[in-house]
Amino acid sequence: MPKAPEKKSSQAIGQSRGAPVKAKALTQGKQIQVASKARLKISPKAAMGAMKKRRRDGEGAKRSAAATAKMKANLPKAIVSMNRKQWQEHQVGMAKKWPVPDYMMVPDEGRAHTSYRDDTYMVVTRWTADTKIQYRPHAKSPGSKSFFRYEHYSRARTVGEALSLGSYPADWCWDYERGFIRVTGGHIREEPLDPSEENAGATAVDKVVMRWFTREAARMLGLSLKEISQNREHKWCENLIMHMRRAMAERRAKEILAECQAKSRKVSDEDVTELLQRYAFRKNTTRLNVMPEGEDFVYSDTVGLICGRDGRILPTPQTLDCPSFVKVLSRYLTDRMPPGMSDFPFTSININKNYAARRHRDGNNVGYSFIKAFGDFKGGTLGYFPNDDRSKKVEDIPASEKVELDLKNNLALFDGKRCHYVSDFEGARYSLVWFTCARHEKAAEEVKSQLRASGMPLASPKQLKKSGPFLAPPRGSGPKFRTWRAADMQEVDSKRRSTGPGCSNGAASGAKRARLGSK
């Protein structure tokens, strides 16, 4: 008779549980050792926390079931009873009527499905409670977890209503990227609210968006929420938004360059306007000579070379971060360089947004500058004093000595060291000024190579001397400014004579001169 197994006492069992036990097992003919894990000891505090979590989960499931039941009760019976076949019939033609955003057609490898695109963040974070929206009908399939919820909140016609019906910024991002939601009007902010600043009068939508974006920023920056809250003085939100918007502008610039190459076309006014709308401008507090009365900053940036405070000649950070963006802005001018000026040099481009510069003279450039305005605006002409010999303060020069240059429709060549200003305007106005930085020849060769790769025809001393005759001196004879109609320059051949179509010289005087400048 086989011997019966010996029973162990409960005390012996308890003593053996904490000790490693080795057992032999055969797996696919191979003998392996399996070690049992020691019993985990849970503290009373952890056990209580686990119990509370199970209770919360259970209560959460009950609340979720109750919320779903309430949603069903408020929905038409045809939606509640919709089956998958009926839903598929609804989807016919919907992809064409409700396309995804263009940027979603470009693959973004390595991005998780809940990690949204920079473009999406820049859309959703600018929505307000009054932003009008429309949802795609029956976008989510019956049987999915979000079906009834989507059918419930998709009745919203504004972002404020969408929030009250139970959708949140993460839902808006998800739906927007898939073409399930589109904006139809209402108020949209020019820039997102900064959660690190005080925002008096913020609505419920504003507060929800700011809290959500703070959590998203913490994840993207690798910081905790506590670190984010203690990092207010470093303007994390402004810097993150700026990085996103400039990355968007750079991606679009690459697409524009590819389109120009494929279609053998020039960079257009529309191309430049689109990029400037996408680009993020830093609040510039240093341009005191141009700042309108009562303002403490202007939206103004420079790409290309600048004179550093330590005397070095350096490229601005955005020049290196956004080379394609810089190349498009450079090519706008080089693509339509006026006849006889194909070798006009420049090292830098000043970019301005939505401010009327007061009377001033430029101080850190050499030679002459080209200037052009873009956008949908009225007014905003360039008041220019061609006879300014710097013998008077800018505020003492009589207004009768000015000419007005229409920069919306014209490309202009002028001397930035003579007094000029921007008249008042309505709408969104951007301007570009192509100029040569003083002491640019002292820049490192590596820097010069980077700028040439970005499309900037850097000047040699010989070229700068050659550019001298383009304009007459303040009290001399000859043209003191020149304008070309931008529409005519779209197709102009740079090898044609400088007196070709579209050219106006600023050699005339008085009213005739003003007519030439503002046609």
Any chance the side chains of Tyr332 and Lys266 put a donor and an acceptor closer than 3.5 Å? no
So, are Lys393 and Asp396 salt-bridged, with charged N and O less than 4.0 Å apart? no
Under the salt bridge (Lys or Arg N to Asp or Glu O under 4.0 Å) test, which residues partner Arg126, sequence neighbours left out? none
Could you report the tightest heavy-atom contact between Phe281 and Asp301, atom names first, then the distance? CA-OD2, 3.8 Å
Do you know the tightest heavy-atom contact between Trp434 and Leu329? NE1-O, 3.1 Å
Which residues share a ring-ring contact (aromatic ring centres under 6.0 Å, His included) with Tyr430, sequence neighbours left out: none
Counterpart residues, side-chain hydrogen bond (donor to acceptor under 3.5 Å, both in side chains), relative to Ser423 (two or more places apart): Thr381
What residues, two or more places apart in sequence or in another chain, satisfy side-chain hydrogen bond (donor to acceptor under 3.5 Å, both in side chains) together with Asp271? Arg265, Ser268
Lys327 side, atom NZ; Glu250 side, atom CD - distance, nearest 0.5 Å: 11.0 Å
Taking only residues two or more places apart in sequence or in another chain, which ones pass salt bridge (Lys or Arg N to Asp or Glu O under 4.0 Å) with Glu190? Lys353
Decide side-chain contact (heavy atoms from CB on, under 4.5 Å) for Phe385 and Glu401; before the verdict, give the C-alpha distance in whole Å, the side-chain angles of both, and the deciding distance to 0.1 Å. CA-CA 6 Å; Phe385 296 82; Glu401 294 188 13; 4.1 Å; yes
Is there a side-chain contact (heavy atoms from CB on, under 4.5 Å) between Thr131 and Thr158? Walk through the geometry before answering. CA-CA 6 Å; Thr131 301; Thr158 66; over 6 Å; no
My understanding is that only residues two or more places apart in sequence, or in another chain, count here; which of them pass side chain to side chain contact (heavy atoms under 4.5 Å, CB included) with Val205? Ala129, Val159, Leu163, Trp172, Thr203, Val209
Salt bridge flag under 4.0 Å for residues Asp388 and Arg361: yes
Count the heavy atoms of every other residue, nucleotide or ligand shown that sit under 6.0 Å from CD of Glu426, and state whether that count exceeds 12. no
State, to 0.1 Å, how close Leu240 and Phe213 come at their nearest heavy-atom pair, and which atoms those are. CD2-CZ, 4.0 Å
Aromatic ring pairing Trp484/Phe370, orientation class (parallel under 30°, perpendicular over 60°, tilted between): tilted
Any ion pair linking Arg245 and Glu191 (charged N to carboxylate O, less than 4.0 Å)? yes
Any carboxylate oxygen within less than 4.0 angstrom of a Lys/Arg side-chain nitrogen, looking at Asp175 and Arg136? no
Please round to the nearest 0.5 Å and tell me the distance separating atom CZ of Arg429 and atom CG of Asn354. 9.0 Å
The test is side-chain contact (heavy atoms from CB on, under 4.5 Å); show your working for Tyr421 and Lys402 and say whether it passes. CA-CA 10 Å; Tyr421 70 96; Lys402 77 176 181 185; 2.9 Å; yes
Between Asp296 and Lys283, does any side-chain N to carboxylate O distance fall below 4.0 Å? no
In terms of side-chain heavy atoms, does Asn365 have a donor or acceptor partner in Thr436 at a distance below 3.5 Å? no
No-hydrogen, no-angle side-chain donor-acceptor test under 3.5 Å, Tyr103 and Arg117: no
Could I get the full list of salt bridge (Lys or Arg N to Asp or Glu O under 4.0 Å) partners for Arg189, not counting sequence neighbours? Asp206
Heavy-atom closest pair, residues Pro195 and Thr214: CB-OG1, 3.4 Å
Straight-line distance of Leu276 CG to Tyr299 OH, nearest 0.5 Å: 14.5 Å
Please check if any side-chain donor atom of Tyr121 sits under 3.5 Å from a side-chain acceptor atom of Glu216, or the reverse. yes
Do Tyr168 and Arg211 pair up side chain to side chain, a donor and an acceptor below 3.5 Å, judged on atom types alone? no
Side chain to side chain contact (heavy atoms under 4.5 Å, CB included) filter on Glu274, not counting sequence neighbours, yields Arg252, Arg278
Report yes or no: is the cationic atom of Lys378 (NZ for Lys, CZ for Arg) under 6.0 Å from the centre of the six-membered ring of Phe425, at an angle within 45° of the ring normal? no
Tightest non-hydrogen contact, residues Gly363 and Lys417, listed as O-NZ, 3.8 Å
side-chain contact (heavy atoms from CB on, under 4.5 Å) evaluation trace for Leu333 with Phe346: CA-CA 10 Å; Leu333 180 60; Phe346 61 91; 3.8 Å; yes
Atom CD1 of Ile371 and atom CZ of Phe481: how far apart are they, to the nearest 0.5 Å? 13.0 Å
Could you walk me through whether Arg482 and Asn410 pass side-chain hydrogen bond (donor to acceptor under 3.5 Å, both in side chains), step by step? CA-CA 10 Å; Arg482 302 171 77 176; Asn410 295 284; over 6 Å; no
Do you see a donor-acceptor pair shorter than 3.5 Å between the side chains of Arg287 and Asn350? yes
Show the numbers, then the answer: is there a ring-ring contact (aromatic ring centres under 6.0 Å, His included) between Tyr135 and Phe180? CA-CA 6 Å; Tyr135 281 94; Phe180 297 168; 9.1 Å; no
Please name all residues satisfying salt bridge (Lys or Arg N to Asp or Glu O under 4.0 Å) with Glu293, sequence neighbours left out, ordered by chain then number. Arg358
Under 3.5 Å, sequence neighbours excluded: what are the donor-acceptor pairs made by side chains of residues 312-322?
unit_1, atom_1, unit_2, atom_2, d
Arg312, NE, Asp310, OD2, 2.8
Arg312, NH2, Asp310, OD2, 3.3
Thr316, OG1, Thr302, O, 2.9
Thr316, OG1, Thr319, OG1, 2.5
Gln318, NE2, Thr302, O, 3.2
Thr319, OG1, Gly304, N, 2.7
Thr319, OG1, Thr316, O, 3.3

Does NZ belonging to Lys448 count more than 12 external heavy atoms closer than 6.0 Å? yes
Shortest non-hydrogen separation from Thr334 to Gly455 and the atoms involved: CG2-O, 4.2 Å
Verify the distance criterion only: is there a donor paired with an acceptor across the side chains of Asn284 and Thr286 at less than 3.5 Å? yes
With a 3.5 Å distance limit and no angle check, can you tell me whether Ser369 reaches the backbone of Asp415 through a side-chain donor-acceptor pair? no
Under the side chain to side chain contact (heavy atoms under 4.5 Å, CB included) test, which residues partner Pro99, sequence neighbours left out? none
More than 12 heavy atoms of other residues, nucleotides or ligands under 6.0 Å from NE2 of His187: yes or no? yes
How would you list, by chain and number, every residue that makes a side chain to side chain contact (heavy atoms under 4.5 Å, CB included) with Asp389, sequence neighbours excluded? Ser391, Pro474, Arg475
